[in-house]
Undergrad: 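Let me give you the structure first, and then I'll get to my questions.
Owing to the predicted nature of the structure, the values given are computational and were not obtained by experimental measurement. Order of the sequence lines sets the chain letters (A, B, ...), proteins ahead of strands, with each chain counted from 1.
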Amino acid sequence: MTNLEIARVFRQVAELLELQGEDHFRVEAYRRVANNIETTSENLLYFHDRDALRRIPGVGEGIAAKIDELIETGRLRYLEELQAQVPPGLPQLLEIPGLGPKKVRALWEQLGITNIDELEAAAKAQKIRHLPGMGAKTEQNILKGIERFRAHQERMRLGDALPYAEQLMEALRQAAGAALERIEIAGSARRRLETVGDLDFVATAADPERVMEAFVHLPQVSEVRLHGPTRSTITTTAGFNVDLRIVPAESFGSLLQHSTGSKAHNIRLRELAQRRGVSISEYGITDADSGDRLLAAADECEVYAFLDLPCIPPELREDRGEFEAAANGTLPHLLELEQIRGDLHAHTSYSDGACSVAEMGDAAQALGYQYLALTDHSPSLDVAHGLSVERLLQRAEEIDDYNAGQKRFRLLNGTETDIRADGSLDYPEEILEQLDVVVASVHTRFGMKREEMTDRIVKALDSGHVDVLGHPTGRLINRRDPYEVDLGRVLEAAKRADAAVEINAFPDRLDLRDVDARAAKELGVRLAIGSDAHHTQHLPLLRYGVYTARRAWLEPDDVLNTRSADELLRLLGKQ
DNA sequence: GCCGTTTTCGGCCCGACTGTTTTCAGTCG
Ligand SMILES: Nc1nc2c(ncn2[C@H]2C[C@H](O)[C@@H](COP(=O)(O)OP(=O)(O)OP(=O)(O)O)O2)c(=O)[nH]1
Ligand SMILES: [Mg+2]
Ligand SMILES: [Mg+2]
Ligand SMILES: [Zn+2]
């Protein structure tokens with residue numbers, strides 16, 4: 001059982017309780033714990049006792065016992081009891097935008113509606129308007145909501161979201177002209193979360209009304225969901241929601257802080273404020289008793305400063321220890337893109353890349369790098385034109401020729417060797433020993449059992465020839481789940497072997513993910529950031545790996561490729 | 001259901017928009 005599966009169980013419990021009219025805070029307790037379990041790196045299977053479980057925030061006596069039951073039996077009787085009390089199609093109604101627990105419960109109890117089809121029929125037959133608090137508009141909104149539910153979009157990858165956000169901001173600047181003063185992206189995109197559910201913009205305006213009008217009339221808009229004086233929400237033609245909030249300039253920092261979130265972070269911050277007798281909102285800070293405004297933050301850091309905290313970087317705002325670190329003065333000095341000296345994962349046209357050795361080298365230099373590791377695929381990966389030993393040697397000559405003409409840059413002669421099903425590497429030892437950088441990755445047999453996959457990867461690391469474990473979980477965001485593996489044991493093996501583990505920066509991968517890279521650091525394992533470029537144009541995607549590294553609390557020393565070429569090769573034992 | 005330098009019981013963030021309602025409940029961010 002994976003942490004994600006356990007998290008899903010508790011989300012189901014939350015929904016079922018909610019539909020029975022259970023206390024909101026009890027429901028939210030299950031949701032909160034589900035989020036915290038999903039973002040726990042170590043598999044709960046390997047937590048040895050209840051005390052260890054209870055160190056997960058939000059896990060108390062009751063939930064620890066339920067996790068135990070899930071791990072021991074794969075089932076949760078409490079969930080089954082709740083399921084017996086609620087029609088199976090009912091929880092799905094909660095996913096319809098505009099429908100929450102109160103309305104769904106009323107529809108169920110008073111009209112006997114138990115699934116989406118029945119809901120649609122009731123709305124069309126105009127039966128819903130007779131319920132208290134509902135009317136003809138409610139029926140229309142339910143029908144629209146069902147359409148939206150059926151057209152439901154998955155979360156957008158950050159790599160798509162950030163460029164799209166830039167485009168939208170530019171479009172709005174054009175459309176609103178001088179009426180728009182300042183606009184920034186907030187929400188999960190600003191926190192650089194690997195996927196984003198929507199785009200959240202915050203702005204100030206000389207003429208807020210005009211800006212709102214311009215926003216809801218952008219050509220990219222397919223539907224206006226909300227349209228108020230300080231906040232509007234639109235759906236784009238691509239089916240994606242975009243929020244815009246506007247506040248007076250003196251409150252911009254308060255709004256940016258609020259809209260950057262995360263929700264959990266905001267709640268923690270506001271609780272800290274409460275204890276000091278003040279109240280934080282997106283407009284500023286007020287005295288909890290008198291309501292007098294004490295601060296309107298033009299800069300978001302003023303909000304933290306008011307609570308005697310240093311400013312917390314957006315990437316850390318997840319309520320995963322950043323408040324404790326801020327209070328202790330132990331916030332990390334996060335990695336910056338400018339500190340990256342080179343890229344440790346790239347392909348050329350020798351394997352499945354699109355560009356030549358020289359083209360990749362030139363492009364890396366244009367980015368200001370001191371080195372680029374060319375890590376083409378190995379023989380058994382014939383779909384990716386893996387290099388035979390002969391071709392590998394041929395490429396080495398081409399790399400030498402290229403380097404001969406360079407003063408402050410070098411191409412590193414590397415490989416991304418396949419970790420074969422039996423855990424062996426895909427080149428003879430004497431070949432691997434000649435290479436500057438050996439990245440080793442799993443590309444086949446993703447369906448292996450957890451133990452088998454773990455043994456496979458550990459064996460590869462134990463060979464002593466691996467410098468970097470490539471994309472360690474094999475996931476493709478929105479397309480392929482990570483393979484099942486005991487990451488804790490893999491990280492221990494990497495530590496023993498003095499191998500780094502990769503943050504593969506390609507936006508489809510981001511592998512390791514943030515919380516796993518953080519666990520690696522905490523175990524004392526070094527990270528390597530690689531773009532996995534298959535084209536010169538992919539090289540700049542490395543920045544997404546830096547974002548993930550920042551979300552993992554990484555500092556420059558934790559990352560292999562903040563080192564100079566010489567230092568890097570020394571660390572890898574190549575000099 | 002969880003949690004505690006003011007609590008082991010009694011709180012649990014705060015505000016915008018909509019549609020229904022004559023003052024607010026529900027939903028969402
Ligand atoms: N104080 C407070 N702020 C919230 C709440 N819900 C959302 N926010 C703030 C923090 C969020 O980052 C921000 C934007 O809300 P979203 O629902 O778009 O969440 P976010 O962008 O973090 O994640 P997403 O990828 O869109 O699902 O609004 C809440 O319940 N309370
Ligand atoms: Mg968002
Ligand atoms: Mg939003
Ligand atoms: Zn690969």
Side-chain angles (χ1 to χ4, degrees), chain A residues 10 13-14 17-18 21-36 53-67 78 93-107 128-142 144-145 148 186-188 196-202 208 212 216 224-234 241-247 251 254-255 257-286 288 291 303 307 319 327:
Chain A
F10 289 124
V13 169
L17 288 173
E18 202 169 38
E22 186 54 78
D23 174 56
H24 171 74
F25 296 105
R26 213 176 141 221
V27 171
E28 283 307 306
Y30 280 103
R31 292 226 163 89
R32 175 164 178 262
V33 91
N35 290 340
N36 290 339
L53 287 174
R54 292 191 59 170
R55 281 196 284 276
I56 298 171
V59 177
E61 203 178 328
I63 289 183
K66 290 183 171 67
I67 295 172
Y78 183 57
L93 299 195
L94 294 170
E95 292 174 47
I96 297 170
L99 283 191
K102 296 283 161 51
K103 282 186 187 161
V104 170
R105 192 149 177 257
L107 291 163
I128 292 174
R129 60 184 65 186
H130 304 299
L131 265 48
M134 307 203 198
K137 274 271 178 57
T138 312
E139 285 170 352
Q140 287 314 304
N141 287 336
I142 283 173
K144 268 194 256 173
R148 289 174 189 142
S188 48
V196 307
D198 68 354
L199 295 176
D200 302 283
F201 291 114
V202 292
M212 277 303 179
V216 301
V224 178
R225 304 280 292 261
L226 298 174
H227 187 15
T230 77
R231 176 175 162 211
S232 296
T233 303
I234 58 101
N241 285 351
V242 183
D243 284 347
L244 175 66
R245 291 203 64 173
I246 303 178
V247 290
S251 290
S254 285
L255 176 63
Q257 191 289 314
H258 163 81
S259 296
T260 298
S262 65
K263 173 180 170 179
H265 176 92
N266 285 355
I267 290 175
R268 263 304 282 285
L269 183 72
R270 289 165 181 216
E271 282 170 355
L272 290 176
Q274 272 187 325
R275 279 189 234 158
R276 296 183 179 217
V278 300
S279 170
I280 294 181
S281 79
E282 57 267 53
Y283 295 100
I285 301 181
T286 55
V303 178
L307 298 178
D319 192 21

Undergrad: Can you tell me how far P of B:dG10 sits from CD of A:Gln274, to the nearest Å?
TA: 18 Å
Undergrad: With C1' as the reference atom in both, quote the distance from B:dG10 to B:dC17 in angstrom, rounded to an integer.
TA: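 Looking at atom C1' only, B:dG10 and B:dC17 are 32 Å apart.
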Undergrad: Contact class for A:Ile267 (heavy atom, under 4.0 Å): base, sugar-phosphate, or nothing?
TA: base
Undergrad: Answer yes or no: does a side-chain N or O of A:Arg26 lie under 4.0 Å from OP1 or OP2 of B:dG1?
TA: yes
Undergrad: Considering every strand and a 4.0 Å limit on heavy-atom distances, what is the contact class for A:Leu269: base, sugar-phosphate, or nothing?
TA: nothing
Undergrad: Classify the nucleic acid contact of A:His227 as base, sugar-phosphate or nothing, counting any heavy atom under 4.0 Å across all strands shown.
TA: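 Contact class for A:His227: sugar-phosphate only.
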Undergrad: Is A:Thr233 near enough to B:dG29 that one of its side-chain N or O atoms lies under 4.0 angstrom from OP1 or OP2?
TA: no
Undergrad: Hey, does A:Ala136 reach any base, or is it just sugar-phosphate, or nothing, if we go heavy atoms under 4.0 Å?
TA: sugar-phosphate
Undergrad: Strictly by Watson-Crick or wobble contacts shorter than 3.5 Å, is anything paired with B:dT8, and which nucleotide is it?
TA: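 Pairing partner: none.
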Undergrad: Are A:Lys66 and A:Phe10 in a cation-pi setup, meaning NZ or CZ lies under 6.0 angstrom from the ring centre and within 45 degrees of the ring axis?
TA: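 Judged by the rule, A:Lys66 and A:Phe10 form no cation-pi pair.
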Undergrad: Quick one: is A:Thr138 getting a side-chain N or O under 4.0 Å of the B:dG19 phosphate, OP1 or OP2?
TA: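 Indeed not, no polar side-chain atom of A:Thr138 lies that close.
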Undergrad: How is A:Arg245 classified with respect to the nucleic acid when contacts are heavy atoms under 4.0 Å: base, sugar-phosphate, or nothing?
TA: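 Here A:Arg245 touches the backbone only, sparing every base.
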Undergrad: So what does A:Asn141 hit on the nucleic acid, given a heavy-atom distance under 4.0 Å: a base, only sugar-phosphate, or nothing?
TA: sugar-phosphate
Undergrad: Check the distance between B:dG29's P and A:His258's NE2 and give it to me in whole angstrom.
TA: 11 Å
Undergrad: In whole Å, I'd like the distance from the CG atom of A:Leu226 to the P atom of B:dA16.
TA: 13 Å
Undergrad: Between B:dC28 atom P and A:Arg225 atom CZ, what is the distance in whole Å?
TA: 10 Å
Undergrad: When the P atoms of B:dC13 and B:dT18 are compared, how many Å lie between them, rounded to an integer?
TA: 25 Å
